[in-house]
Amino acid sequence: MIELKSSLFYFMRMIIIRMIHYKCRQGFYPSSNVKRFEVPENKVAWNIEYPEYKPIEYTAPSLKGKPWADLEIDDISFQPKWNAVDGNINRRSFKNDYVINEDGYPLNPIGRTGIIGRGLLGRWGPNHAADPIVTRWKQDITGITEINKDTNKPILEFVAIQRQDSGEWAIPGGMVDPGETVSRTLKREFMEEAMNSLKRDRAENEELEKSMRKLFEQGEEIYKGYVDDPRNTDNAWMETVALNFHDHGNNVLGNIKLVAGDDALNVRWMDIDRNLNLYANHSEFIRKTAEKRNAHW
């Protein structure tokens, strides 16, 4: 019986690892020619011996000198407070406290990724983001909600942006700035990426914020935790809070034109179903949203 329970635990752990730690172990690191050291699913966890593990160190040269990026671990002036709020930078993880190894580097709480260093990420340890999942019911030209004939459930749409860096479709989220509240990040990122607020004048943005204020006061948490982001490394990783903002009668966004902005190539309303293939594990966030709304999936 003990052996059976142990085997079941191991099997479930492998499923979880594959679900939330898969895209960050594949092939070449984004925007580089650096190939990850291969990490099989049964070698991901740090407590599993893997003496052959020799990951390549990579931190993007573009991070050097950026005011929002951490210094190198061995820089004498870099004295971070791990697993804590460090000034206006939140270095806490949504998971349990992460381990700092003997060389002073934080370790990815899920396990090995095949790359050490920071990659494209600004912070050592957790890099916090916020993802606004803005939804509405899909309607026909008469304003009637469309029902999927197979599941007999209403079809949900969400605002999706096409990322400039990878070309993949995603939720229009972004990084939480130092000292910024998550609620502010959610609204700011949506307006920057799906409404091109950075190219609008102040009066236009104030009018947009006013019209969307009620919508962004009614967010429901969908996910909070680790993100299977292809930018993750052994020492730096993405975490997010994803909230659903549902425009029940299409009263808020029905009269507002979506315009791709900031680092988005394109933006559109996208039907939600199980065939979605989105950036990182955004498809999982969308699935959870569909379940919450009892919508077609």
Side-chain angles (χ1 to χ4, degrees), residues 6-63 69-70 72-74 82-83 91-129 131 163 165-168 170 175 223-240 277-285 287:
S6 177
S7 298
L8 182 59
F9 174 80
Y10 177 80
F11 177 70
M12 292 303 297
R13 179 177 174 79
M14 289 301 101
I15 291 177
I16 292 171
I17 285 174
R18 185 170 182 83
M19 286 176 61
I20 67 170
H21 197 71
Y22 174 75
K23 291 187 177 182
C24 65
R25 292 185 287 125
Q26 304 303 307
F28 288 89
Y29 190 84
S31 303
S32 79
N33 59 358
V34 178
K35 194 173 190 306
R36 292 181 183 272
F37 193 94
E38 184 177 354
V39 183
E41 286 173 27
N42 64 349
K43 299 290 186 181
V44 168
W46 294 111
N47 61 353
I48 302 297
E49 293 292 329
Y50 194 9
E52 302 87 3
Y53 187 55
K54 297 292 187 295
I56 293 175
E57 182 174 359
Y58 177 67
T59 295
S62 59
L63 293 179
D70 283 341
E72 294 304 311
I73 290 288
D74 58 3
W82 303 119
N83 292 300
R91 298 191 187 278
R92 295 175 300 185
S93 172
F94 292 137
K95 297 184 69 64
N96 298 328
D97 285 357
Y98 47 89
V99 173
I100 307 301
N101 69 13
E102 63 274 13
D103 296 317
Y105 290 82
L107 292 182
N108 188 309
I110 304 301
R112 301 178 176 98
T113 66
I115 291 278
I116 57 177
R118 273 182 297 148
L120 289 165
L121 298 178
R123 305 286 177 201
W124 296 102
N127 289 253
H128 292 290
D131 293 308
R163 292 177 62 98
D165 56 359
S166 66
E168 296 175 276
M175 307 304 295
Y223 181 82
K224 185 177 183 179
Y226 182 88
V227 179
D228 184 18
D229 194 293
R231 295 170 294 180
N232 290 351
T233 73
D234 287 6
N235 311 121
W237 60 91
M238 289 296 301
E239 300 189 9
T240 197
N277 183 20
L278 304 175
Y279 179 80
N281 53 339
H282 288 191
S283 296
E284 180 64 12
F285 304 163
R287 181 189 66 79

Kindly write out the residues that satisfy side chain to side chain donor-acceptor pair (under 3.5 Å) with [X], not counting sequence neighbours, or none if the list is empty.
| X | result |
| --- | --- |
| Asp131 | Thr240 |
| Glu38 | none |
| Tyr53 | Asp234 |
| Tyr226 | His21, Asn108, Asn232 |

Of the non-hydrogen atoms in Pro106 and Gly125, which two are nearest, and what is the gap between them?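 Reported closest heavy-atom pair: CG-N, 3.5 Å.
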Between Gly111 and Trp46, what is the shortest heavy-atom contact and its length?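 Between these two residues, the closest heavy atoms are CA-NE1, 3.4 Å.
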Not counting sequence neighbours, which residues clear side-chain contact (heavy atoms from CB on, under 4.5 Å) with Ser32? List them please.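 Residues passing side-chain contact (heavy atoms from CB on, under 4.5 Å) with Ser32: Tyr29, Val34, Tyr58.
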Please check if the side chain of [X] supplies one atom and the backbone of [Y] the other of a donor-acceptor pair under 3.5 Å.
| X | Y | value |
| --- | --- | --- |
| Thr59 | Gly117 | no |
| Lys35 | Gly27 | no |
| Arg36 | Cys24 | yes |
| Arg112 | Lys43 | yes |
| Asp228 | Lys23 | yes |
| Asn127 | Leu121 | no |

Are any of the side-chain heavy atoms of [X] and [Y] separated by less than 4.5 Å?
| X | Y | value |
| --- | --- | --- |
| Val39 | Thr113 | no |
| Gln26 | Pro230 | no |
| Arg123 | Met238 | no |
| Pro55 | Ile116 | yes |

The test is side-chain contact (heavy atoms from CB on, under 4.5 Å); show your working for Asn281 and Val227 and say whether it passes. CA-CA 6 Å; Asn281 53 339; Val227 179; 3.2 Å; yes
Please, which pairs that meet side chain to side chain donor-acceptor pair (under 3.5 Å) have at least one residue in residues 94-107, sequence neighbours excluded?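 Qualifying pairs: none.
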Let me confirm one number: the [atom1]-[atom2] distance from [X] to [Y], rounded to the nearest 0.5 Å.
| X | Y | atom1 | atom2 | answer |
| --- | --- | --- | --- | --- |
| Leu107 | Trp237 | CG | CH2 | 7.5 Å |
| Tyr223 | Glu239 | OH | CD | 8.0 Å |
| Arg91 | Asn83 | CZ | CG | 11.0 Å |
| Leu120 | Leu63 | CG | CG | 6.5 Å |

Sequence-distant partners of [X], salt bridge (Lys or Arg N to Asp or Glu O under 4.0 Å), two or more places apart:
| X | answer |
| --- | --- |
| Arg92 | none |
| Asp229 | Arg231 |
| Glu72 | Arg118 |

Can you list everything that forms a ring-ring contact (aromatic ring centres under 6.0 Å, His included) with His128? Sequence neighbours excluded, please.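 Here the qualifying residues are Phe94.
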